[in-house]
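Worksheet: the structure to be examined is printed underneath.
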Number of protein chains: 2
Amino acid sequence: MTGKEPEPMVADHEAGPLPASPDDVGAGNITRLPLTSQVATIIRDMIIQDIFKPGERIRERQLSEELNVSRTPLREALKILEGEKLIELLPNRGAIVADPAPREVLELLQVLGALEALGGRLAAEKATDAEISEIRALHFEMLAAYSRKDQLTYFKLNQKIHTSIIAASRNKSLIETHRHFNARLYRVRYRSNQRNAKWHEAIDQHEGFITALEARDGELLARRMADHLSDTWVKVSLDDYPVQPEKPR
Amino acid sequence: MTGKEPEPMVADHEAGPLPASPDDVGAGNITRLPLTSQVATIIRDMIIQDIFKPGERIRERQLSEELNVSRTPLREALKILEGEKLIELLPNRGAIVADPAPREVLELLQVLGALEALGGRLAAEKATDAEISEIRALHFEMLAAYSRKDQLTYFKLNQKIHTSIIAASRNKSLIETHRHFNARLYRVRYRSNQRNAKWHEAIDQHEGFITALEARDGELLARRMADHLSDTWVKVSLDDYPVQPEKPR
DNA sequence: TTATTCCATATGGCATGCAAAAACTTTATG
DNA sequence: CATAAAGTTTTTGCATGCCATATGGAATAA
């Protein structure tokens with residue numbers, strides 16, 4: 001039936017993608033994952049990297065042809081992504097890429113703040129000295145990127161510091177939930193980073209994380225991490241939403 | 001594989017299923033939901049009500065025949081439930097009902113505690129007086145059930161107080177995430193409730209919630225809700241895991 | 001007896017096709 | 001010209017069937 005040559009898995013959507021999420025490091029999986037999982041990963045990356053724009057519609061038939069898979073695994077992948085809130089699935093009307101309203105971004109940041117606070121509290125208790133040293137090292141690398149005004153590296157290291165602290169909490173559910181929320185907010189945080197030249201504030205705050213962590217003061221670290229995300233909201237709202245309309249009921 | 005006997009863990013008390021989750025308040029949806037969603041709801045309820053036991057395997061063909069649907073929507077439903085962590089989907093080896101190890105239960109309770117703490121903090125700020133009154137009313141109802149030693153009603157009202165406080169936070173993402181974690185822990189909390197005659201402790205703690213809420217002291221409420229769940233862990237671990245072995249595989 | 005290989009069967013993974021619903025176009029009508 | 005109605009195309013929802021992999025047990029060898 002198919003006389004066609006295998007086409008590239010990723011469609012020719014143009015536009016500059018966002019940097020890939022930092023947690024796709026362990027990609028060297030040799031076991032053959034089901035197509036559904038592979039497709040989910042591809043679409044997830046396309047969303048996170050902004051190849052699929054927020055609000056954009058995802059057409060099953062079209063995308064399945066571009067990816068050279070049938071609609072069955074694609075549809076299953078979409079169900080997974082819906083659970084991760086990266087897309088919205090409207091009955092009989094297909095999928096659109098999630099496009100959280102400002103109000104929702106604030107709410108997401110509040111939850112992410114609570115998660116990071118817990119992560120900080122646990123990390124202060126459970127992190128190994130090696131982990132703390134590594135986080136300190138990442139911080140210095142971030143300072144280097146700061147000096148070079150290398151926004152992209154700065155952003156990636158910034159993210160990695162956050163995820164490293166969460167990882168040090170040793171709480172799997174927390175780590176995974178944090179990853180999900182972070183993915184939903186990835187775009188927002190990237191743009192917030194891009195548009196704000198006041199990096200030194202964030203740097204000071206990260207410095208605060210590390211001193212609290214090194215002192216193993218969980219409460220202090222928790223508070224500082226939560227406050228840090230509140231600042232993210234301020235920046236986001238100033239950048240993208242100069243006027244904040246309350247959502248009408 | 002594991003020679004795990006399907007030994008009913010709460011068999012002696014009641015062979016019947018757990019009470020349904022309290023959040024089936026779903027508005028009268030007139031639109032015909034896709035089969036996939038309906039199937040997901042059915043299976044979710046069966047898991048929460050303990051009709052499907054933890055660790056039990058879910059066979060696609062068999063279940064699809066029992067539900068009179070094809071495997072396609074059933075498989076899509078399983079993907080959804082996997083995202084909610086109610087089942088585990090092993091590549092090429094099908095689905096099994098989630099069966100969190102004690103360690104994982106502790107971790108889940110930590111996250112749930114952080115979520116409830118945030119919920120309490122926000123609720124103290126945003127709850128209407130009517131909502132607070134209603135929560136107080138639920139508390140009195142719970143006291144009534146306590147006097148009658150009506151465990152089931154007590155448990156349901158207990159849950160409803162928690163979800164009502166979270167709902168008062170007005171944070172949709174928080175509400176939904178809380179619902180998911182609560183579902184994953186529903187069984188645990190139910191058994192913890194069933195086995196512990198020391199209800200008065202929980203009652204005192206709930207009383208503490210409400211006074212903090214009425215005083216609109218967010219920090220106090222947050223702390224009390226988090227501590228409450230720590231106690232749940234103590235009860236769970238004492239009841240079910242007198243010795244805590246690592247999960248055998 | 002214990003371990004190993006092999007085969008039959010069951011089960012999950014995926015492609016395809018049809019039907020129903022939604023979206024889009026065209027035509028009719030005030 | 002705007003609006004409504006009807007028809008056409010596209011898209012999603014679901015069932016079915018084939019194939020690859022996993023599973024369980026018998027036969028075989030150590």
Side-chain angles (χ1 to χ4, degrees), chain A residues 1-7 9 11 13 29-44 46-47 52-53 55-83 86-98, chain B residues 1-6 29-44 47 52-53 55-83 86-98 249:
Chain A
M1 195 67 189
T2 77
K4 293 208 163 199
E5 71 230 290
E7 296 186 5
M9 289 288 263
H13 283 250
N29 209 337
I30 305 153
T31 41
R32 260 182 66 116
L33 254 58
L35 259 191
T36 295
S37 310
Q38 295 185 42
V39 169
T41 301
I42 291 173
I43 303 177
R44 190 174 13 242
M46 292 176 75
I47 293 174
F52 277 134
K53 306 290 184 188
E56 185 176 343
R57 188 160 170 197
I58 297 179
R59 266 166 259 261
E60 292 180 3
R61 190 98 56 182
Q62 175 187 332
L63 185 57
S64 71
E65 284 169 11
E66 286 175 6
L67 300 181
N68 276 318
V69 298
S70 80
R71 287 174 52 225
T72 306
L74 173 59
R75 281 176 59 83
E76 292 179 357
L78 292 179
K79 292 287 186 282
I80 294 173
L81 298 176
E82 182 196 24
L86 291 178
I87 65 174
E88 204 170 337
L89 234 39
L90 310 167
N92 292 313
R93 289 203 278 146
I96 59 174
V97 178
Chain B
M1 294 292 93
T2 65
K4 194 170 186 179
E5 294 294 325
N29 212 338
I30 307 133
T31 42
R32 250 189 59 176
L33 254 57
L35 257 190
T36 295
S37 311
Q38 295 185 41
V39 170
T41 301
I42 292 174
I43 302 177
R44 187 168 24 237
I47 293 174
F52 277 135
K53 307 292 183 189
E56 184 175 345
R57 188 162 172 193
I58 297 180
R59 268 166 254 262
E60 293 182 0
R61 275 185 172 80
Q62 176 185 330
L63 184 56
S64 71
E65 284 168 14
E66 287 175 9
L67 300 180
N68 276 315
V69 298
S70 82
R71 286 173 55 222
T72 305
L74 173 60
R75 281 176 58 82
E76 293 179 356
L78 292 178
K79 296 286 187 259
I80 294 174
L81 298 175
E82 183 196 25
L86 291 179
I87 66 173
E88 204 171 336
L89 234 39
L90 309 168
N92 291 313
R93 289 202 282 148
I96 59 173
V97 178
R249 186 78 193 99

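The side chain of B:Arg75 contributes an N or O atom lying less than 4.0 Å from OP1 or OP2 of C:dG13. Under 4.0 angstrom from either OP1 or OP2 of D:dT11 there lies no side-chain N or O belonging to A:Arg61. Between B:Thr72 and D:dC14 there is no side-chain N or O to OP1 or OP2 distance below 4.0 Å. When the side-chain nitrogen and oxygen atoms of B:Thr36 are compared with OP1 and OP2 of D:dG13, none of them lie within a distance under 4.0 Å.
Atom pair A:Glu82:CD and D:dT12:P shows a separation of 14 Å (rounding to whole Å applied). Going from atom CD of B:Glu60 over to atom C1' of D:dT16 covers 14 Å, rounded to whole Å. Atom CG in B:Asn68 sits roughly 14 Å away from atom C1' in D:dC14 (whole-Å rounding). Atom CD in B:Glu76 sits about 8 Å away from atom C1' in D:dC14, given to the nearest Å. Between B:Glu65 atom CD and C:dT11 atom C1' the separation is 12 Å, expressed in whole Å. Here the C1' atom of nucleotide D:dC14 and the NZ atom of A:Lys79 are 11 Å apart, to the nearest Å. Taking atom CD of A:Gln62 as the reference point, atom C1' of D:dT9 lies 15 Å away to the nearest angstrom. Atom CZ in B:Arg57 sits roughly 7 Å away from atom P in C:dT11 (whole-Å rounding).
If you check C:dG12, D:dC14, C:dA23 against the side chain of A:Arg93, the one that comes closest is C:dA23. Side chain of A:Pro73, nearest nucleotide from D:dA15, C:dC14, D:dG13: C:dC14. In this structure, of C:dC14, C:dG12, D:dC14, it is C:dG12 that holds the atom nearest to the side chain of B:Arg59. Closest to the side chain of A:Asn92, out of C:dC14, D:dG13, D:dC14, is D:dG13.
Minimum heavy-atom separation, A:Ile96 to A:Arg57: CG2-CA, 4.0 Å. Considering every non-hydrogen atom in both A:Val97 and A:Lys53, the closest pair reads CB-O, 3.4 Å. A:Ile80 and A:Ala40 get closest at one heavy-atom pair: CD1-CB, 4.4 Å.
In this model, a side-chain donor or acceptor of A:Arg71 finds a partner on the base of D:dG13 within 3.5 Å.
Atom CD of B:Glu65 sits about 11.0 Å away from atom CG of B:Leu74, to the nearest 0.5 Å. Atom-to-atom distance recorded for B:Leu81:CG and B:Ile58:CD1 is 7.5 Å, nearest 0.5 angstrom.
Residue-level contact check: A:Leu74 touches neither bases nor backbone, having no heavy atom under 4.0 Å from any strand. The residue B:Leu78 sits apart from the nucleic acid: no heavy atom pair falls under 4.0 Å.
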